[in-house]
There are 2 protein chains.
Amino acid sequence: MSHDHWVPPPVLLTVDLVILTLRESCLHVLLIERGIEPYQGTLALPGGFLGHEKEDLVTAAHRELAEEAGLGPDQLHLEQLGVYGAPDRDPRGRVVSAAYLAIAPRLPEPVAGTDASRACWTSAEQALSGDVQLAFDHEQILTDGIDRAREKLERSALATAFCGPTFTISELQDVYEAVWGVPLDARNFYRKVQSVDGFIVPAGPSRKTDGGRPARLFRPGPRTTLHPPMIRPLSQADRETA
Amino acid sequence: MSHDHWVPPPVLLTVDLVILTLRESCLHVLLIERGIEPYQGTLALPGGFLGHEKEDLVTAAHRELAEEAGLGPDQLHLEQLGVYGAPDRDPRGRVVSAAYLAIAPRLPEPVAGTDASRACWTSAEQALSGDVQLAFDHEQILTDGIDRAREKLERSALATAFCGPTFTISELQDVYEAVWGVPLDARNFYRKVQSVDGFIVPAGPSRKTDGGRPARLFRPGPRTTLHPPMIRPLSQADRETA
DNA sequence: GGAATAGTGTCTTTAAGACATTATGCC
DNA sequence: GGCATAATGTCTTAAAGACACTATTCC
């Protein structure tokens, strides 16, 4: 600000995506094996540089979502997670990443035929176990993304984004159990989700296939925030108190 | 990705700050009258370009905090709010802003002597009333910052960041009432904050000056998350349900 | 009928909402 | 004593936790 013709340092912008979904009642994240340096061969979150000077950040996120995961803008939830800009996070220079969190229902193998065929769904547990090496600071971004999802399940109707257009209450419970990693009492869960008015609404004549009694189908309701919130039982990780 | 030597478009990075504090039991935000184009003469959030190629984002935020508000890194809360990158948000070109939320106790007029003497504390109500024009997309950033503060008061011990090193329970209640904009019952508030173990702990021999009975003093406790959370009464703005 | 899953009901316990009352300082 | 603010207590009510039970389908 004080020098004669000081110019601010330019940076490069990437958009990275934490794409979460449920597979076999387990939380999974989409990872891609990098084809180029740096971190060639290492797993990374899908993402890439801003396409052009005028591209909006959300637009770029949707573009990457389509290119790298074959996911269209409909029927998925997308929100900003934050910005990651440590000076040394990318060996190529000053690259700042806008991270987005996407939540999608389980789709029919969305990966195989797409542009980036090196994409693979990895269980969240495994991705953060330490056994898997992630490129850049993507482990931190992934951790933050999962934390965000866990928090938002408490106060928002976000859980329905993990489900298809219609779903059963058991499936919804599956979402909560998988994301939070704790078992829930089915009867109390039923009472709770039914009592929050507008969270889920009955859909169609209701029916489903399994071994037992058919379950009613529901759609997401108009309500986006949950009052009172869902209560997440504190798992083993309750650092404070006893 | 497909062309021969495609290079990603560089962008400029700014760091903008939503600095909140309490003044006369009202939520205030620090605004600065811009001295240069664009938006010269218009009120804006404090902030500025990244200082140099190697500067970390949080470091830049702390630097701006010191330069523009005279606030040191101690005894204030700072967290990232998000990134704002609409292509047309800055007439100078592609400028992307990393927004940070800072919460500080009321300090002895921190503004007057500092570098930027055009800084002024403005009540949040007034800043968002529409009467005040804010530069760039700073109205949106401010709205998001206040929303974030409101949410975090529910589940975190953030409220103590508005207070000095020691405070009375009444002062803490003031924080909640000012940020949420709703009156709270003092007796239930006492019961609540005392029951959340580790939220606040007695400090010193306890005493304070007013007209009436001296109040006990407390310090922030080790607890950072509140279980169960503080309940925010839904003000007039309860779009869903009745 | 038996297995499997869906859905409902009841009792208990925790904690919030709505109050009144007592306590301790200053003038 | 009178005033002002701090602090505590009680009753009610809402909602979560912990259970047992009935219902509907397929074999």
Side-chain angles (χ1 to χ4, degrees), chain A residues 24-25 153-155 163 166-177 180 182-197 199-218 223 225-235 238 241-242, chain B residues 25 153-155 163 166-177 180 182-218 223 225-235 238 241-242:
Chain A
E24 286 86 45
S25 300
L153 249 51
E154 297 184 53
R155 319 190 80 67
C163 303
T166 64
F167 48 85
T168 68
I169 294 188
S170 296
E171 288 170 353
L172 193 61
Q173 183 180 343
D174 249 28
V175 171
Y176 276 92
E177 294 185 326
W180 284 350
V182 293
L184 299 176
D185 183 279
R187 301 156 295 195
N188 293 335
F189 186 82
Y190 267 69
R191 169 159 47 93
K192 177 64 185 176
V193 295
Q194 300 268 38
S195 73
V196 178
D197 205 89
F199 182 14
I200 58 175
V201 296
S206 66
R207 205 145 267 261
K208 203 78 191 304
T209 52
D210 318 74
R213 170 177 176 175
R216 282 182 288 181
L217 287 175
F218 293 85
R223 174 76 62 99
T225 63
L226 270 29
H227 275 287
M230 295 292 258
I231 303 291
R232 164 167 45 159
L234 3 89
S235 51
D238 28 13
T241 322
Chain B
S25 300
L153 249 51
E154 297 183 53
R155 319 192 79 68
C163 304
T166 64
F167 48 86
T168 69
I169 294 189
S170 295
E171 287 169 352
L172 193 60
Q173 183 179 342
D174 248 29
V175 172
Y176 277 91
E177 294 185 326
W180 284 350
V182 293
L184 298 176
D185 184 277
R187 301 157 295 194
N188 294 334
F189 186 81
Y190 266 69
R191 171 160 41 95
K192 177 64 185 177
V193 295
Q194 299 268 38
S195 72
V196 179
D197 205 89
F199 181 13
I200 58 175
V201 296
S206 66
R207 206 145 267 260
K208 201 76 192 303
T209 54
D210 319 73
R213 170 177 176 177
R216 283 182 288 181
L217 288 176
F218 294 84
R223 173 78 60 100
T225 63
L226 270 30
H227 274 288
M230 295 292 259
I231 302 291
R232 165 167 45 160
L234 2 89
S235 53
D238 28 13
T241 322

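Chain letters run A, B, ... following the sequence lines, proteins first, then strands; residues in each count from 1. Side chains included, hydrogens not; waters and symmetry mates left out as well; all remaining heavy atoms used.
Separating the NZ atom in A/Lys192 from the CG atom in A/Leu184 is a distance of 12.0 Å, to the nearest 0.5 Å. Atom OH of residue A/Tyr190 and atom CG of residue A/Leu172 lie 10.0 Å apart, to the nearest 0.5 angstrom. Rounding to the nearest 0.5 Å gives a distance of 11.0 Å between CG of A/Asp174 and CD of A/Glu24. Note that the CD1 atom of B/Ile200 and the CG atom of B/Leu217 stand 10.5 Å from one another [nearest 0.5 Å].
In this structure, A/Phe189 places its CZ atom 17 Å from P of C/dT5, rounding to the nearest Å. Going from atom CG of B/Leu217 over to atom P of C/dG25 covers 14 Å, rounded to whole Å.
Side-chain atoms of A/Tyr176 come within 3.5 Å of backbone atoms of A/Leu153 as a donor-acceptor pair (strictly under, hydrogens ignored).
For A/Arg216, there are no side-chain hydrogen bond (donor to acceptor under 3.5 Å, both in side chains) partners at least two apart in sequence or on another chain. When the side chain to side chain contact (heavy atoms under 4.5 Å, CB included) test is applied to B/Glu154, the partners found at least two apart in sequence or on another chain are A/Arg155, B/Trp180, B/Arg232. Under the rule for a side chain to side chain contact (heavy atoms under 4.5 Å, CB included), the partners of A/Glu171 that lie at least two apart in sequence or sit in another chain are A/Phe167, A/Thr168, A/Lys208.
In the region residues 169-177 of chain A, proximity to DNA chain D at under 4.0 angstrom, judged on heavy atoms, holds for none of the residues.
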Per-nucleotide protein contact string for nucleotides 10-21 of chain C, where B marks a base within reach and S marks sugar-phosphate only (heavy atoms under 4.0 Å, - for neither)
------BBBBB-
Per-nt protein contacts along nucleotides 22-27 of chain D (heavy atom under 4.0 Å; B base, S backbone sugar-phosphate only, - none) come out as -BBBS-
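Looking at every heavy atom in both residues, B/Ile169 comes nearest to B/Phe189 through O-CE2, 3.7 Å.
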